[in-house]
**Student:** 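So that we are looking at the same thing, I have put the structure below in structure tokens.
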Amino acid sequence: MYLLGLAIVLSLLKVAEIGPVAAWSWWIILGVYGAAVAWWAWADASGYTKRKAMEKMDQRKKDRLERQKQAMTPGQRRR
């Protein structure tokens with residue numbers, strides 16, 4: 001996602017002719033887009049994306065269980 005954001009910013013700078021990016025070739029900017037596509041292809045093929053989503057879901061589950069345990073501690077009940 002960072003590579004895509006970088007590519008978009010570079011494209012906008014190139015079109016607006018701002019800074020040193022204005023003098024760069026379009027191939028450099030297209031190369032950043034290509035790197036983003038390659039990253040996504042690798043992440044999907046290797047299971048990286050799915051693994052990260054599962055880790056995030058597991059962390060949310062652990063946090064929820066911890067909150068429930070904290071709510072059940074004696075002496076801290078709400079009435």
**Student:** Ignoring hydrogens and angles, state whether a donor on the side chain of Glu55 or Gln59 is under 3.5 Å from an acceptor on the partner side chain.
**Tutor:** no
**Student:** Same cluster or not: Val15 versus Leu6, using hydrophobic residues (I, L, V, M, F, W, Y) connected whenever any side-chain heavy atoms lie under 4.5 Å apart?
**Tutor:**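 Cluster IDs for Val15 and Leu6 match.
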**Student:** Quick one: do Leu65 and Met57 end up in the same hydrophobic cluster if we chain Ile, Leu, Val, Met, Phe, Trp and Tyr together by side-chain heavy atoms under 4.5 Å apart?
**Tutor:** no
**Student:** Can you tell me how far apart CG (Leu13) and CD1 (Ile18) are? Round to the nearest 0.5 Å.
**Tutor:**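 Atom-to-atom, Leu13:CG and Ile18:CD1 are 5.5 Å apart.
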**Student:** Glu17 and Ala22: which non-hydrogen atoms are nearest, and at how many Å?
**Tutor:** CA-CB, 3.5 Å
**Student:** With the 4.5 Å side-chain cut-off for hydrophobic clustering, are Trp42 and Met54 part of the same group?
**Tutor:**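 Trp42 and Met54: separate clusters.
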**Student:** Answer yes or no: is there a side-chain heavy-atom contact under 4.5 Å between Arg64 and Lys61?
**Tutor:**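 SC-SC contact between Arg64 and Lys61 confirmed.
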**Student:** What's the spacing between Leu3 CG and Tyr33 OH if we round to 0.5 Å?
**Tutor:**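 Going from the CG atom of Leu3 to the OH atom of Tyr33 covers 11.5 Å.
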**Student:** Would you name the heavy atoms of Val21 and Lys14 that are closest together and state the gap between them?
**Tutor:**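 That would be O-CD, 3.5 Å.
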**Student:** Just verifying a value: how many Å separate Trp24 CH2 and Leu10 CG, rounded to the nearest 0.5 Å?
**Tutor:**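 It is 5.5 Å, given to the nearest 0.5 Å.
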**Student:** Hey, could you give me the CD1/CH2 distance between Ile29 and Trp26, rounded to the nearest 0.5 Å?
**Tutor:** 5.0 Å
**Student:** Evaluate ring-ring contact (aromatic ring centres under 6.0 Å, His included) for Tyr2 paired with Trp39, printing each intermediate quantity in order.
**Tutor:** CA-CA 10 Å; Tyr2 297 116; Trp39 167 257; 9.7 Å; no
